[in-house]
Amino acid sequence: MGSLLDIRNLTVFRGRTRVFDRFSLQIEEGCSTAVLGPNGAGKSTLMKLVSGELHPVFSPDSHIRVFGRERWNVRELRSRLGVVSHDLQHDYLSCARGMNVVLSGFYSSIDTWRNQVFSETEYRKAEEVMESLGIRSLKNREFGSMSTGEQRRFLLARALVTDPGTLLFDEPTSGLDLKASFLYLEQLGALMRCGKTVLLVTHHVHEIPPGIRRVVMLRNGLVFADGTPEETLTSSLLSALYDYPLHALSLSGSFQVFPASGRPEGENAW
């Protein structure tokens, strides 16, 4: 396997705020990874760096390489990296029809435009992806009239339509009810079992599904801890990461946390 992400000595600003100062991180292709941390840790900045929405301060001894390359045409990158983010959902045009949301993945655009031409093969692929996610019946509905869960599935279809090997998710269950959250996480698990690599950015432990092989904890723009879920999602590390006493629980490969004073009796904590 090659390198999915290779960051060396990056300094990154958001406005006047320095988020990263000579930050380094490497992630290999095929290693589904969760990036976990509290608000302000640098998670969203990292995601925007990977997707090409944000650029670091130039320095001759620093670089960011995605799939081994420093420069990408956005459309070409999207053929290898599908993105589903809260910002994309918020910014997407409410008048866009479901089919157009999915087709826009071929151009990495917001809705489709007159100068964009789609082949019968691309239409057929869009239909197939919508069918696989159970949203084909909504293809003529406007994005703004859909539920949050339906919108999220259409954005997932948009990311999948080019059949990328890697998918980047930013807080995938944000705004979803309990049933929709679990169904969405089941879909993430199914994608990983089908060979997709998932890069998941979150501040919720429960969003980390079975199949994630590595957890990178960020705090204040630094790597706080890095290892397998079993090594990192522990009571002591999570308590330190969030500066709050927590008990971590594991069940069938899924994780959850509770306040230290509210641990359910009889549960296995570590």
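- I135 and F154 make their closest contact through O-CZ, 3.5 Å (heavy atoms, listed as atom of the first residue, atom of the second, distance).
- To the nearest 0.5 angstrom, I27 atom CD1 is 5.5 Å from R214 atom CZ.
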**Asked** side-chain contact (heavy atoms from CB on, under 4.5 Å) between M217 and L233: does it pass, once the steps are laid out?
**Response** CA-CA 9 Å; M217 292 178 165; L233 301 180; 4.2 Å; yes
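- Scanning both residues, G42 and F20, for their nearest heavy atoms gives O-CZ, 3.3 Å.
- Among residues at least two apart or in separate chains, side chain to side chain donor-acceptor pair (under 3.5 Å) pairs with a member in residues 172-191 are T173-E207.
- Checked by atom type, the side-chain pair R14/T45 shows a donor-acceptor distance below 3.5 Å.
- For the pair Y123 and L103, the minimum side-chain heavy-atom distance is below 4.5 Å.
- Taking 4.0 Å as the cut-off between side-chain N and carboxylate O, E76 and R69 count as a salt-bridged pair.
- Here the closest non-hydrogen pair linking L246 and S239 is N-OG, 2.8 Å.
- Residues L155 and S85 share a closest heavy-atom pair of CD1-O, 4.4 Å.
- Within the 3.5 Å criterion, the main-chain N or O of V66 finds a donor-acceptor partner in the side chain of W72.
- The shortest non-hydrogen separation linking N9 to S62 is O-CB, 3.2 Å.
- Side-chain atoms of R158 and S104 include a donor-acceptor pair closer than 3.5 Å.
- Linking ILVMFWY side-chain heavy atoms closer than 4.5 Å, directly or via other members, places L199 and M192 in two distinct hydrophobic clusters.
- Within the 4.5 Å cutoff, no side-chain heavy atoms of P164 are placed close to those of T166.
- The backbone N or O of A248 lies less than 3.5 Å from a partner atom in the side chain of S235, making a donor-acceptor pair.
- Shortest non-hydrogen contact noted between R213 and C31 is NH1-CA, 3.8 Å.
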**Message:** Assess the residue pair F106 and V117 against the criterion (side-chain contact (heavy atoms from CB on, under 4.5 Å)); give the C-alpha distance rounded to whole Å, side-chain angles, the decisive distance to 0.1 Å, and a yes or no.
**Reply:** CA-CA 10 Å; F106 287 110; V117 178; over 6 Å; no
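- Under a hydrophobic-cluster definition in which Ile, Leu, Val, Met, Phe, Trp and Tyr are linked whenever side-chain heavy atoms come within less than 4.5 Å, directly or via other members, L218 and L241 are assigned to different clusters.
- Annotation: the span from L160 atom CG to S132 atom OG amounts to 7.0 Å, rounded to 0.5 Å.
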**Request:** Determine, stepwise, if the pair K139 / R97 fulfils side-chain contact (heavy atoms from CB on, under 4.5 Å).
**Result:** CA-CA 6 Å; K139 67 180 183 179; R97 301 286 177 178; over 6 Å; no
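- Taking the side chain as every heavy atom from C-beta outward, I208 and T202 approach each other to under 4.5 Å.
- No side-chain donor-acceptor contact under 3.5 Å links Q26 and S3.
- Looking at heavy atoms from C-beta onward, V84 lies out of side-chain contact with L168 at the 4.5 angstrom threshold.
- Judged by distance alone, the side chain of R219 and the main-chain N or O of G37 form no donor-acceptor pair under 3.5 Å.
- Between D6 and I64 there is no side-chain heavy-atom pair separated by less than 4.5 Å.
- Annotation: Y107 is in aromatic contact with F118 [ring centroid separation under 6.0 Å].
- No donor-acceptor distance shorter than 3.5 angstrom exists from the side chain of Y244 to the backbone of L238, with no hydrogens or angles considered.
- Salt-bridge annotation for R8 and D61: absent, with no side-chain N of the basic residue lying under 4.0 Å from a carboxylate O of the acidic one.
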**Request:** Kindly indicate, with the supporting measurements, whether the criterion salt bridge (charged side-chain N to carboxylate O under 4.0 Å, His left out) is fulfilled by R80 and D163.
**Result:** CA-CA 8 Å; R80 296 191 62 180; D163 197 25; over 6 Å; no
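- Within a 6.0 Å sphere centred on CZ of F182, heavy atoms belonging to other residues, nucleotides or ligands number 12 at most.
- A salt bridge between R141 and E150 is present, with a side-chain N of the basic residue lying under 4.0 Å from a carboxylate O of the acidic one.
- Although no hydrogens or angles enter the test, the distance criterion places no donor-acceptor pair under 3.5 Å between the side chain of S109 and the main chain of T112.
- Heavy atoms of other residues, nucleotides or ligands lying less than 6.0 angstrom from CD of E120 number 12 at most.
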**Request:** Take M130 and L138, measure what side-chain contact (heavy atoms from CB on, under 4.5 Å) needs, and give me the verdict at the end.
**Result:** CA-CA 9 Å; M130 287 188 291; L138 305 176; over 6 Å; no
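- W113 and L88 fall within a single hydrophobic cluster, where Ile, Leu, Val, Met, Phe, Trp and Tyr are joined by side-chain heavy atoms under 4.5 Å apart, directly or via other members.
- P210 has its side chain within reach of S254: a pair of non-hydrogen atoms, C-beta onward, lies under 4.5 Å apart.
- Atom NE2 of H63 sits about 6.5 Å away from atom CD of E70, to the nearest 0.5 Å.
- Within the structure, salt bridge (Lys or Arg N to Asp or Glu O under 4.0 Å) contacts touching residues 33-54 (residues at least two apart or in different chains) are K48-E53, K48-D87.
- Rounding to the nearest 0.5 Å gives a distance of 9.5 Å between CZ of F143 and OG of S94.
- Considering CG of L46 and CG of L49, their distance stands at 6.5 Å, rounded to 0.5 Å.
- Rounded to the nearest 0.5 Å, atoms CG (L5) and CD (E29) are 11.0 Å apart.
- Taking hydrophobic clusters as Ile, Leu, Val, Met, Phe, Trp and Tyr residues chained together by side-chain heavy-atom distances below 4.5 Å, L36 shares a cluster with V198.
- Under a 4.0 Å N-O distance rule, the pair E128/R136 does not qualify as a salt bridge.
- Each of L191 and L81 belongs to its own hydrophobic cluster when Ile, Leu, Val, Met, Phe, Trp and Tyr are linked at side-chain heavy-atom distances under 4.5 angstrom.
- The closest side-chain heavy-atom distance from L188 to F169 is below 4.5 Å.
- The shortest distance between side-chain heavy atoms of I212 and T33 does not fall below 4.5 Å.
- For H204 and E171, the side-chain atoms include no donor-acceptor pair closer than 3.5 Å.
- No donor-acceptor distance shorter than 3.5 angstrom exists from the side chain of R18 to the backbone of T11, with no hydrogens or angles considered.
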